[in-house]
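One structure is given here, and the rest of the page talks about it.
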Protein chains: 2
Amino acid sequence: MDAKTLCLGVLSREPATGYDIRKAFQNGPFSHFCGAGFGSIYPALRKLSEDGLIEECPSSPDVRENKKIFSITPAGRKALCDELANPAPLGFEIMRSEFMFRVFFAHMMPQDRIQALFNERKALYHDKLDIIDNLLKKNSILPGEKFIAEMGKTLITAALQFLEKNTETLFALTSPEIGQQP
Amino acid sequence: MDAKTLCLGVLSREPATGYDIRKAFQNGPFSHFCGAGFGSIYPALRKLSEDGLIEECPSSPDVRENKKIFSITPAGRKALCDELANPAPLGFEIMRSEFMFRVFFAHMMPQDRIQALFNERKALYHDKLDIIDNLLKKNSILPGEKFIAEMGKTLITAALQFLEKNTETLFALTSPEIGQQP
DNA sequence: GCGACCATGTAATCTGTTACATGATTAC
DNA sequence: GTAATCATGTAACAGATTACATGGTCGC
């Protein structure tokens, strides 16, 4: 899914600035399953604008002059629908994970490094759960959005519980000091 | 995690060809958390070879001439360790998911399309579970590898159960024919 | 006044994906 | 003999990440 489609998706919910879109990816309803940085978002907005899929809202006196609020056009909504309905290039994206790659090679890392990795990851999971819980508190939430928030919550909770239950077992089976072992 | 590190990781377990590496990503122990295609693997192998991190095994009469079996060098093992231990650029990779993006916009899709999406996804999960179950049957499996296989199994099972339980609820809340709704 | 946050954008680089191009071996 | 699988690679293109560069507003 490219940055253009992601931006279109965010804008289909409500008008937003590039900055707002990034927040939606960082702390908002999209944060647990996709993302993009400024370097992807701004060029995407320019292209979408050129293609007439989004448009800049007329500036009003109460917003700063350099602030650009974009809204989706009917053509943009159509383009998003088409993209959503298309045969899907699939790709199994769940868990394309650097964390898992590292832990896979636990025998090549000192135990304190793995411990730090686990702690970081648990903290990250807790952050994501907080974000999702806040989303679920809102009363106006569409079915798809709710479904995905709950799915995220379920999966992150499962991951967290797995880490909590199995860390000791992993440590019991790896040597504390070993770093460069084959 | 770039293709070079991924290849190095695969080769740290046993010597392999580019083709073997791809299989490790498609059906092997790495399949549920990372991946790469030929277009990434072969250039990566060339670079790793140039840097002395891997080397081509001397050709023996029992293997075909154009087949190149690579093995990791001590320098390569060191490079992998360094990469594993480094402060981690983090990035929350769990669930960077096109599936979730689509379902999030369920209200913009006809119900039969969502149904198809769900069926595809469930089939994919079952495939992944089969692969993982086969991995877990092996008796010689390192602790990190076992941990990650079991974590994958746990998470995929949780995802599958979530889909099974909540599909009807989602469908009850979305209209069957609506496609292009705001 | 200062730090945190809002806000936009560009340019270089890196890297991955896709399609193409080729051919050997194995099992039926 | 023919289809599936093994096996290697290149080239063009699309795309993202990273760092850079700039400046306004708000609360303390």
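Reckoned from all heavy atoms, side chains included, excluding hydrogens, waters and symmetry mates. Since we're looking at a predicted model, the values are computed, not measured. Every chain is numbered from 1, with letters handed out A, B, ... down the list of sequences.
dG15(D) atom C1' lies 15 Å from atom CG of L48(A), rounded to whole Å. In this structure, CE of M1(A) is placed 16 Å from C1' of dA16(D), rounded to the nearest angstrom. Distance I41(B) CD1 to dC6(D) P: 14 Å, rounded to the nearest Å. At whole-Å resolution of the value, CG in D2(A) and C1' in dC13(D) are 14 Å apart. The interatomic distance linking E98(B) (CD) with dT17(C) (P) rounds to 12 Å, in whole Å.
Listed by first then second residue, pairs satisfying salt bridge (Lys or Arg N to Asp or Glu O under 4.0 Å) with a partner in residues 19-43 of chain A number zero, not counting sequence neighbours.
DNA chain D is contacted by both L45(B) and A3(A); L45(B) maps to the nucleotide lying nearer its 5′ end (nearest heavy atom per residue).
Taking the six-membered ring where the residue is Trp, H107(B) and F105(B) present tilted rings, their angle falling between 30° and 60°. Under the 30°/60° scheme for interplanar angles, the aromatic rings of F118(A) and F171(A) are found to be tilted.
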Collect all protein-nucleotide pairs involving nucleotides 2-8 of chain C in which both atoms are nitrogen or oxygen and the distance is under 3.5 Å.
| residue | atom | partner | partner atom | Å |
| --- | --- | --- | --- | --- |
| dC6(C) | OP2 | Y19(A) | OH | 3.0 |
| dA7(C) | OP1 | K67(A) | NZ | 2.5 |
| dT8(C) | OP1 | K68(A) | N | 3.0 |
| dT8(C) | OP1 | K68(A) | O | 3.3 |
| dT8(C) | OP2 | G18(A) | N | 3.2 |
| dT8(C) | OP2 | Y19(A) | N | 3.0 |
| dT8(C) | OP2 | Y42(A) | OH | 2.8 |
| dT8(C) | O5' | Y42(A) | OH | 3.3 |

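Checked by atom type, the side-chain pair D2(A)/T5(A) shows a donor-acceptor distance below 3.5 Å.
Among residues two or more places apart in sequence or in another chain, the side chain to side chain contact (heavy atoms under 4.5 Å, CB included) test is passed with K153(B) by L129(B), I132(B), D133(B), L136(B), T157(B). Not counting sequence neighbours, the partners of A75(B) by the side chain to side chain contact (heavy atoms under 4.5 Å, CB included) test are L53(B), T73(B).
Within the cation-pi definition used here (under 6.0 Å to the ring centroid, within 45° of the axis), R102(B) does not qualify as a partner of F104(B).
For the helix from dG1(C)-dC28(D) to dC28(C)-dG1(D), the terminal axes (five pairs an end, C1' atoms, rotation from four pairs onto the next four) enclose an angle of 40°, given to 10 degrees.
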Which side-chain N or O atoms in residues 139-151 of chain A pair as donor and acceptor under 3.5 Å with protein atoms at least two apart or in another chain?
| residue | atom | partner | partner atom | Å |
| --- | --- | --- | --- | --- |
| E145(A) | OE1 | R13(A) | NH2 | 3.0 |
| E145(A) | OE2 | R13(A) | NH2 | 2.5 |

